[in-house]
Visitor: 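Take a look at the following structure, please.
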Amino acid sequence: MNAVIDIFASAGLWAAVLRIATPLILGTLGALLCERSGVLNLGIEGIMTFGAMIGWLAVYNGANLWTGLLVAALAGGVFGLLHAALTVTLGLSQHVSGLGVTLFASSFSYYVFRLLVPVAGTPPTIEPFQPIDLPALSSLPFIGPALFTQTLPTYGAIALALVLGYVLFRTPLGLAIRMTGENPHAAEAQGINPMVMRYGAVIFGSALMGVGGAFLTLSAFNSFFPTMVQGRGWICIALVVFASWRPGRALIGALLFALFDSFQLRLQAVLGGGVPYQIFLMIPYLLSIAALVLMARRARVPQALMQPYRRGER
Amino acid sequence: MRFERREHRSVALVIATPVLAVLCALALAGILIAIAGAPVMEAYWRILVGAFGSRLSATETLTRASPLILTGLAAAVAFRARLWNIGGEGQFYLGAISVAAASSQLLAGLPSAVQIPLLLAVGAAAGIVLLLVPLWLRLSFSVDEVVTTLLLNFVALLFVSMLIDGVLKDPMAFGWPQSQPVADDAVLPKLLARSRLHIGLGIGFVLAVAVHLVQSRTVFGMQSRAAGLNPAGAVFAGVPLGRTLVKVACISGGLAGLAGAIEVMGVQGYVTTDLSPGYGYSGIVVAMLANLNPLGVVLAALFTAVMFVGADGMSRSMGIPTYIADVTVSLSLISMLVGVFFTQYRIRR
C-alpha cells in the first residue's frame, strides 16, 4: 500500500501522465472532429504512424522541430483527403475505407523509412523538444515538476481541446459541423454544404492525428521504429466514445487513461518480477474495452455517423 | 457530376474489377519503385521469379497462401453478415498457442490420426472464444465490435508473449521466448516431399467450397446475408439476428483460429510472437479483393502470397524494401473498394 502512495506522491508520475496523454489527446480530438461531422476515421492508426515517421524524417534531414510537426499535419491532411474522397464523395463503407487507409499509411511509412534511412544497429535519433521552463510555475514545489515541466506541444494539445470545445459548441461553424453529423439533410436545408463540412472535418481531424503521431517521435521519444504507435489510434477511437463526442471530456478521458498507464508502469517497477510484465501491458487495451462497455449505452452517438450522404437520396 | 445507381451489373464488369484493381495497385506501386531508383518492369519480373521461379519458391508461395485463405474466409464470412471481425490476427495467435499448449501438455502421445483433428478443433475453438467476447459485448452492451476486436489483437499477442515467456516456454530454446514444440505426431502431413507445403492448403480449398455452399444453399447462409444487407428488415422477416451472428462468429473465429493452428502444425512447429506476418490483417484485404466471395478468396489469397514471397526475393536482389508488398496489397484493397463502387454506380453529368 505504501508503495502505491509513494507512486502517487512522486512528481514523475504526474509529469509522465501529461507526456503519455498528449498523443492520445491529439488523436482523440482528431477522431472526435471527424465523427462529429458523421465520418468514422479508422485511418487513425496508420495516419499516426505516418505522422510519426514523416515528422521525424523531416527533422532528421535538418528541418526545425515545428516544421516537423507541420509536415506531419500536412501528411495527415492528405490521408484525410483520401479517406474523405472514399467515404464522403463515393460513400463507401467507413469501416473498410478506414482500415484500408490504415494499412496503406502504415506500410507506406515503413517503406519510406526503410528506403531513406539505412539499417543501423542503433536507430538514428534526433534532438527532440525540450521541456520549457515556465517562470515561477516550474519552480513551485511538487506542482512545478509535476505539471509545468512539459514540452510546448503538450500545452498546445491541452489548449486545443479547449479551443475545439469552444468552436464545436459556441460558434456557427461548430453548429454546422455537428448538424452535418446529426442530420445532413436538415443541414443542407439550412444552406450548409454537408460535403464541405465533412471534407473539412476529416482533413483537419486527420491532420491532428498526424501531429499526435509526430509527438511520439519528436517529443516523447527521439527515434522512429515500426509498430511504435502500438494501437494508440484504436485507443483514441475508444476514447471518443468514452468522451461522448465532447472535446472537454476527451481531454479528461485521455488524462485518466494516461494516469492508469503511467501508474501501471511504475507499479510494474515496484512489483518487479513477481507478475509477468505482459499483464501490465495488456491493461491499456482492456481499460479501453472497459471504457467502451461503460459508456456505449449512455453515449449519444452523432445520428448520421457512418451514414453516407448523397444529395436527393435517402 | 453525380453518381447514378446502375440498373443491372454486368458479370464481365464484376469479374474484371479485381483484376483492374490489382493492376491499378501495381501501377501505383511502380511509381514508388521508380522513385526508389529501380527499373520497374525488372522489379515486377523479379517478383514473379521470386514467387514462381523455382520449385522451392512456388511451394513457398502456396505455403504462404494457406493461412491467408483461412483468414480471408474468416473476414469474408463475417463481413457478409456485417460482423466487423478485425480480430483475425488475435484469433490466429490464440489458435496457434492453444494448439501448442494442447499438443505439448494434454494430447502428447496420441496417434496422429486422433491428435491432428483434435488439435485443429482446439485451434478453431480458441479463435471462436476470442470472437464471441466482442460479439457478446455488441449484443448486450451495443459496443462496436470493430474497436474491441482490434484492441483484443494486442491483448492476444501479449497473452501469447506471456505464455511463451512463462509456463509454455521451451527450455531447449537457449532462452529465446518460444513455445514448446508440437509433438512429432501432430505435424501436418506434407503435400509435397522436400517442401514446406502441407495439407493446410487442401483444408483451405475444402473450406472455401464448404463456406460457398453454406452461404448459397442453406437457410443459415441466406439469413447471414440478410443480417448484413438489412438487419432491421431481416429481423422483421423473422431472422433470429443474435443467433445468426453467433453462428457467423463461430465460423469466422473458427477459421482464423484454424489458420493459426495449421501454421504452427504445418510450418513452424512452435509459436513465437512473429509467427504471423500480419495474416489476420491481410485476411481482410483478401476478403475485400474477393468481394467477399469464398471461392474468390482462394485467388485473392494466392495473389497476396505471390506479392509477399515475390517481394522478398525482389528485395534481396534489387534493394527495394520488402514493405513494397504491404503497400501494393493495401493499395489493391483501396482500388478494389473504388472499383466495386463503379460496378454499382455510373457517373452522370
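Every chain is numbered from 1 and lettered A, B, ... according to where its sequence line falls, protein lines coming before strand lines.
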Visitor: Which atom names give the shortest non-hydrogen contact between Val101(A) and Ile334(B), and what distance separates them?
Guide: N-CD1, 4.3 Å
Visitor: By a 4.5 Å heavy-atom criterion (distance strictly below it), what part of Val327(B) contacts chain A: side chain, backbone, both, or neither?
Guide: both
Visitor: If you count heavy-atom pairs under 4.5 Å between each of Leu281(A), Val96(A), Ile237(A) and chain B, which one has the most?
Guide: Val96(A)
Visitor: At a heavy-atom separation under 4.5 Å, does Leu333(B) approach chain A through its side chain, its backbone, both, or neither?
Guide: side chain
Visitor: Which one, Tyr281(B), Phe341(B), Phe342(B), leads in non-hydrogen pairs under 4.5 Å with chain A?
Guide: Phe341(B)
Visitor: Side chain from CB out, backbone as N, CA, C, O: work out which of these in Met288(B) comes under 4.5 Å of a heavy atom of chain A, or both, or neither.
Guide: side chain
Visitor: Between Leu116(A) and chain B, which part of the residue has a heavy atom less than 4.5 Å away: side chain, backbone, both or neither?
Guide: neither
Visitor: Checking Ile283(A) against chain B: side chain, backbone, both or neither under 4.5 Å from a heavy atom?
Guide: neither
Visitor: Under a 4.5 Å heavy-atom cut-off, does chain A meet the side chain of Asp165(B), its backbone, both or neither?
Guide: side chain
Visitor: Mind checking the CG-CG spacing from Asp326(B) to Leu103(A)? Nearest 0.5 Å is all I need.
Guide: 9.0 Å
Visitor: Look at the aromatic rings of His95(A) and Trp84(B) and report parallel, tilted or perpendicular, splitting at 30° and 60°.
Guide: tilted
Visitor: Between chain B and each of Ile289(A), Leu90(A), Leu42(A), count heavy-atom pairs under 4.5 Å; write down the option with the most.
Guide: Leu90(A)
Visitor: Other residues, nucleotides and ligands only: do more than 12 of their heavy atoms fall within 6.0 Å of CZ on Phe263(A)?
Guide: yes
Visitor: At a 4.5 Å cut-off on heavy atoms, which part of Pro226(A) comes close to chain B: side chain, backbone, both, or neither?
Guide: side chain
Visitor: If you count heavy-atom pairs under 4.5 Å between each of Val340(B), Ile324(B), Leu137(B) and chain A, which one has the most?
Guide: Ile324(B)
Visitor: In Å and rounded to the nearest 0.5 Å, what is the CD to CD1 distance from Gln278(A) to Ile164(B)?
Guide: 8.5 Å
Visitor: Strictly distance-based, threshold 3.5 Å: is any side-chain N or O of Tyr111(A) a donor or acceptor partner for the main-chain N or O of Leu32(B)?
Guide: yes
Visitor: Non-hydrogen atoms of chain B under 4.5 Å away: do they reach the side chain of Tyr277(A), the backbone, both or neither?
Guide: side chain
Visitor: For Tyr285(A) versus Val155(B), what's the shortest heavy-atom pair and its separation?
Guide: CB-CG2, 3.6 Å
Visitor: Would you mind checking which part of Thr322(B) comes under 4.5 Å of any heavy atom in chain A, side chain (CB onward), backbone (N, CA, C, O), both or neither?
Guide: neither
Visitor: Relative to chain A, which segment of Val285(B) carries a heavy atom at a distance below 4.5 Å: side chain, backbone, both, or neither?
Guide: side chain
Visitor: Please classify the contact between Leu92(A) and chain B as side chain, backbone, both or neither, with a heavy-atom cut-off of under 4.5 Å.
Guide: side chain
Visitor: Enter the distance from Leu152(B):CG to Met282(A):CE here, rounded to the nearest 0.5 Å.
Guide: 10.5 Å
Visitor: Find the distance between OG (Ser93(A)) and CG (Leu337(B)) and round it off to the nearest 0.5 Å.
Guide: 7.5 Å
Visitor: Run the side chain to side chain contact (heavy atoms under 4.5 Å, CB included) test on Asp144(B) and Leu292(A) for me, step by step, so that the C-alpha distance in whole Å, both residues' side-chain angles and the decisive distance to 0.1 Å come before the verdict.
Guide: CA-CA 8 Å; Asp144(B) 184 12; Leu292(A) 282 173; over 6 Å; no
Visitor: Rounded to the nearest 0.5 Å, how far apart are CG of Leu115(A) and OH of Tyr323(B)?
Guide: 12.5 Å
Visitor: For chain A, find which of Val147(B), Asn153(B), Val143(B), Leu150(B) contributes the most heavy-atom pairs closer than 4.5 angstrom.
Guide: Leu150(B)
Visitor: As an exercise, state the distance from CD1 of Ile86(B) to CG of Leu99(A), rounded to the nearest 0.5 Å.
Guide: 4.5 Å
Visitor: In terms of heavy-atom contacts, does OH of Tyr199(A) have more than 12 from other residues, nucleotides or ligands at under 6.0 Å?
Guide: yes
